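Take a look at the structure set out below.
Just so it is clear, the model here is predicted, and its values are computed rather than measured. Just follow the structure's listing: the first ligand is 1, and inside any ligand the first atom is 1.
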Amino acid sequence: MARSKARIWTCSLLLVCFLVVLIVCVVMLAKSPCPEGGFTKGAVAADSETCSKVGRDILRSGGSAVDGAIAALLCTSVINPQSMGLGGGTIFTVMDGSGKVKIINARETVPKMFNSNLMEDCSKTPSWTPVGQWIGVPGELRGYELAHRLYGKLPWARLFQPTIKLARSGFPIPAVQARFIPFLENTNGSLRKLYSDKDGNLLKAGDIMKFEKLADTLEILAKQGADAFYTGQIAENFIRDVQNEGVKLTLEDLASYEARVSDAWNVSLGEYQIYLAPPPSGGALIGLILNIMKGYAPNPESMMGEERAQTYHRFVEACKFANGLKKHLRDPQFNSGAVAEKITEESFADHLRSLISGGRSHSAQYYNVTPYLDSMGTTHVSVLAEDGTAVAATSSINLIFGSKVYSPSTGVILNNQLTDFCGKAEHIVAALYCTMMSSSGW
Ligand SMILES: *[C@@H]1O[C@H](CO)[C@@H](O)[C@H](O)[C@H]1NC(C)=O
Ligand SMILES: *[C@@H]1O[C@H](CO)[C@@H](O)[C@H](O)[C@H]1NC(C)=O
C-alpha cells in the first residue's frame, strides 16, 4: 500500500514537473519574436531561394542590410533577368542602425534625345514599337554605388562574387524564368539568340543557362566600380550595341546620370512609424491606404468571422482609390510636390473613406482609374540585418525582359521604363536636357 502510494506520488510529481516544463516552453515560444522556425538574427527575402541565400551569406560574413540587398539584387539579375538587371532602375529605402531612414532613387531618366510624340504611341500597345524609344537611362548601378558608399560594410567586389560564379558556370533555368522565355518567341534580336539552343529553339526549364558576357561585365564592375559602366570601356561597348539596335542612348546620357538620396516620408500607425519613399515613388499611396484603414480602427477581430470580409472589402476599395491617384504623382524635380503631400493628409483619407460603400463596389470611373497596361516583371528585396539596419529595395526593367533589347558585348538587357508614362502623364516635359520619370512607384 505504502509502495503504491509512493508510486502515485512519484507519478504526480513527474506529471507536475512535465506540466511546468510544458508551460515554460509555451510561454517562451509565445514570447519568442520568431516562433515556428523563424530567424532571430537577420533575414533576406528575395524572389528566389537562391538569391535570398546569397543575401543571407553576405549578412553572415558581416555585411550590412545594404550589402545583403545589393548582393541579392545582383543575383536576381541572373535568376530572374526578365524582371530586373543592370539595364534598369531601383529605389532603396534604408534604415541605419540608429533608426534613421533615407531613400535612394536610382530610377531611369529620359535620355537627352527622346521622341517628343512618345505619348501618342501609348495606345499602340502591346508591341510598344519602335521598341527603342521607351528605353530610359539605366540607374541601377549608380543606386548600388550610392547605397554602398553610405551604408556598405563589406568590400564592393565581395557583393559581386556569388553572381559572377552563377553567371559564369551556369545553372538549370528555374521554373519562373522559364515561364517568361516564350515572351521572346516573336523576336529575333540578340536576346533571342542568348536564349536559344544551337538549333534556334528557345531554352526551357532545366536547360543550363550561362550569362558569360554579363559575368565578364560584373568582374570589371567588381574591380573598377560603377564608373566603368557609366564612363568607361563598358559604357562605350554598351552604347555601340544599343545604337546598333536603333536606340538613341548616348555616352553623355550615361555619364550625366546621378542617383539621389532624400529623407523618407512617414505616417504613424498605432505604435509603429511607417516610412515611405516620396515622389516620384508611390509611397504617398501606401500612406493613403494606411490612413484610410486606420480610420476603421482595425483590431484583431477585424480579421475574424463576418468582419473579415468587410475588412478585405475596405482594403480593396482603398487600393482602387490609390490606384486612381497614381497619375497625379509627379517627380518633384520637375513638378510641384503638392498633390502627393495632400494625398498623405489624414483629412484626404477621411474624405475617401466616406466614399467607400459597405457591401458594394463601383465602376472604374468612380475611383478615377484609367486603364493601362500595368507593369509585369519587377522585383523586391527585403533585408533585416543583425546590426539593426534594414532595407526594402524595388528594382525593375519594367515589362517582361524590359525592351527586349540586349547588349551582346556587355550582357545587359535594357528597360522600357518610359512606358510607365502611359496612362499617367499627359506629356513629357524636357527640363534642361534630362527629364526624370514622373511615374509612380511600384
Ligand atoms: C527579324 O529580322 C528581320 C531582319 O533582320 C526583320 O526584317 C524582321 O522583321 C524580324 N522579325 C521579327 C519577328 O522581329
Ligand atoms: C516624420 O516626418 C516629419 C516631417 O515630415 C518629421 O518632422 C518627423 O521627425 C518624422 N518622424 C519620424 C519618426 O521620423
When you compare the side chains of Asp350 and Ser347, does any donor N or O come within less than 3.5 Å of an acceptor on the partner? no
Looking at Trp156, Phe92, Phe160, which hits ring-ring contact (aromatic ring centres under 6.0 Å, His included) with His148? Trp156
Is a donor from one side chain sitting under 3.5 angstrom from an acceptor on the other, for Asn398 and Thr419? yes
Checking Ile181 now: which residues fulfil side-chain contact (heavy atoms from CB on, under 4.5 Å) with it, not counting sequence neighbours? Ile173, Tyr195, Leu202
State, to 0.1 Å, how close Leu288 and Phe348 come at their nearest heavy-atom pair, and which atoms those are. CD1-CD2, 3.8 Å
If the criterion is any heavy atom closer than 4.0 Å to an atom of ligand 2, which residues make the list? Asn266, Gln273, Tyr275
Check the side chains of Tyr367 and Glu317 for a donor-acceptor pair under 3.5 angstrom, ignoring hydrogens and angles. yes
